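Below is one structure, written out as structure tokens; the observations come after it.
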2 protein chains.
Amino acid sequence: MNGGDGSREPRRAPAGARTRAFEEVLDRIEERIAADGLTVGDRLPGERQLAEQLQVSRSSVREALRALATLGVVSSQVGRGPDAGAVLTSRPDTALTDLLRLNLGLSTLSMREVVDTRLMIEQWAAGRAARDGGAALGEMARAVDAMDAAATPEEFVAHDIAFHMALAAASGNRLTSAIMRALRDAVRRYAIDAVLRLGDTAGLQADHRRIHAAVRDGDADAAIAAVADHLARAYPG
Amino acid sequence: MNGGDGSREPRRAPAGARTRAFEEVLDRIEERIAADGLTVGDRLPGERQLAEQLQVSRSSVREALRALATLGVVSSQVGRGPDAGAVLTSRPDTALTDLLRLNLGLSTLSMREVVDTRLMIEQWAAGRAARDGGAALGEMARAVDAMDAAATPEEFVAHDIAFHMALAAASGNRLTSAIMRALRDAVRRYAIDAVLRLGDTAGLQADHRRIHAAVRDGDADAAIAAVADHLARAYPG
DNA sequence: GCCGGGTGTATGGTCAGACCATATTTGGTC
DNA sequence: GACCAAATATGGTCTGACCATACACCCGGC
């Protein structure tokens, strides 16, 4: 409001007020989400309306919404109707994937750290799945069959991801599942290279069957060990 | 280029071209990072220059940069000189913290899931620290002393975070450390409430000392158990 | 009364051009 | 050489416009 043409006012806030306009918008929106108890599916006011309410330009509102979209909490639809506008969503996976992929691209995270983190999560999930009864057994078995039928490394990796995601999902923890998916998606190309390097997938499939059997038999220790062996084979350190 | 006033052209790309302009910018920047081998500290071209190079408006460039800033990979500085402009950084912690905090606000992640994830990471880190020799012992001890001296719950929690961060950092894995920090920051308020609820911090401090001792003695199993007991006390389920 | 199509309109997406605040660089002055 | 003022480059913001999209509404035909 005090930029651009006019600005007859001397200064709006002579002291403090270090936050940029779009950050103010960000805070206000977050505030409103908490105060009004908004949740997934609820709509935010339109960009023009928000701009007027918060007394900032539409550009600043858009930058704030862009940040929220990047974090996976809003999704914008054009057009009209109940589904149009900025709708609250929750896609931590997408956001996490982007975050990991870009930080890997900057070489600030090493592949070893990513694989180690994956090992941590999968061992934890495998132990839980073995103890809590394998709700994911069916899906895991289907993924193994699909990997047998896969014609290309890309296809194999796609079903491999499904297998490990089923295992992670069995933990019942959406946060670890989201991290797991982000890790897998971020290193998908690396996984394809690993399959090509190994030459054949018999060993990997044997590992998968061993993991599946351990979870089915409720043997947590065996499941954990099988996961460790599997990752050591796929990503030798 | 084809919006706004003019647009004498019928249509630039009648088929395909579903991506929004700022996404195109996003891809190009990521591409350039990979192609030119850019890394932390390197500068991106200015917003105006990028806009001209990519043939889009400065607004679109700004939205793309805002997204990258949200993911923690660029940081913008105003002014002039070698440090001004969009500089590549790497702050996965900040981005992760925002991501978790906002998704918690939307109630799509439960506190239990966050605490369970934290337990997973801390047990893993404690085991590693105990085995690999405790490089973090000094910092952990200092944090315990600082917690003894803390006058307010806020202060106590701040040093508590330092304690647990030191433990996580001992794993040598920056990714798990970043996740750990994000988890702690995202639930900071909740932690303060927990301290207030417990009334006194003697039990928590006893746990901290027990964890420290186990790491010092190289007893991984004891360290893991101590972490589990500590979190169970702080966040009863 | 019901249905189909045309029009209205609200929405996000984009563009262009301007001005502001900030911080360095540059050049002049003592 | 030291110091100060002007030039300049940068991100940050604002304004106002137009475009493409997709639902909402109304109106005529049946």
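Scope of the values below: all heavy atoms of this structure, side chains included, with no hydrogens, waters or symmetry mates. Owing to the predicted nature of the structure, the values given are computational and were not obtained by experimental measurement. We name chains A, B, ... by the order of the sequence lines, and we start the count at 1 in each one.
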Does the side chain of [Y] come within less than 4.5 Å of [X]'s, by heavy atoms?
X        : Y        : result
B:Asp160 : B:Thr201 : no
B:Asp36  : B:Asp42  : no
B:Met111 : B:Tyr235 : no
A:Arg20  : A:Ser60  : no
A:Leu175 : B:Met120 : no

At 10 degrees resolution, what angle do the end axes of the helix from C:dG1-D:dC30 to C:dC30-D:dG1 form when each is taken over five base pairs?
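So the angle between the two local helix axes works out to 10°.
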Is it the case that atom [atom1] in [X] sees more than 12 heavy atoms from other parts of the structure closer than 6.0 Å?
X        : atom1 : value
B:Arg112 : CZ    : yes
A:Glu154 : CD    : yes
B:Arg91  : CZ    : no

Identify, between A:Arg62 and A:Gly85, the residue whose nearest nucleotide on DNA chain C lies closer to the 5' end.
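The 5'-side residue here is A:Gly85.
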Starting at the 5' end of DNA chain C, which residue's closest nucleotide do you reach first, B:Arg48 or B:Ser60?
B:Ser60
May I ask you to decide whether [X] forms a salt bridge with [Y], counting only side-chain N to carboxylate O separations under 4.0 Å?
X        : Y        : result
B:Asp98  : B:Arg101 : yes
B:Arg28  : B:Glu24  : yes
A:Asp185 : A:Arg188 : yes

Take B:Gln49 and A:Ser59, find for each the nucleotide of DNA chain D with the closest heavy atom, and name the residue whose nucleotide sits nearer the 5' end.
B:Gln49
On the side chain of [X], is there an atom forming a donor-acceptor pair with the base of [N] - under 3.5 Å, no angle test?
X       : N      : answer
B:Arg80 : D:dT8  : yes
A:Arg58 : C:dG13 : yes
B:Arg66 : D:dG12 : no

Taking only heavy atoms on the protein side, list every residue of residues 71-79 of chain A lying under 4.0 Å from any atom of DNA chain C, sorted numerically.
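Contacts with DNA chain C under 4.0 Å: A:Ser76, A:Gln77, A:Val78, A:Gly79.
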Tell me the interatomic distance from A:Leu68, atom CG, to C:dG12, atom C1', rounded to whole angstroms.
15 Å
Using a cut-off of under 3.5 Å, enumerate the N/O to N/O pairs linking the protein to nucleotides 2-5 of chain D.
none

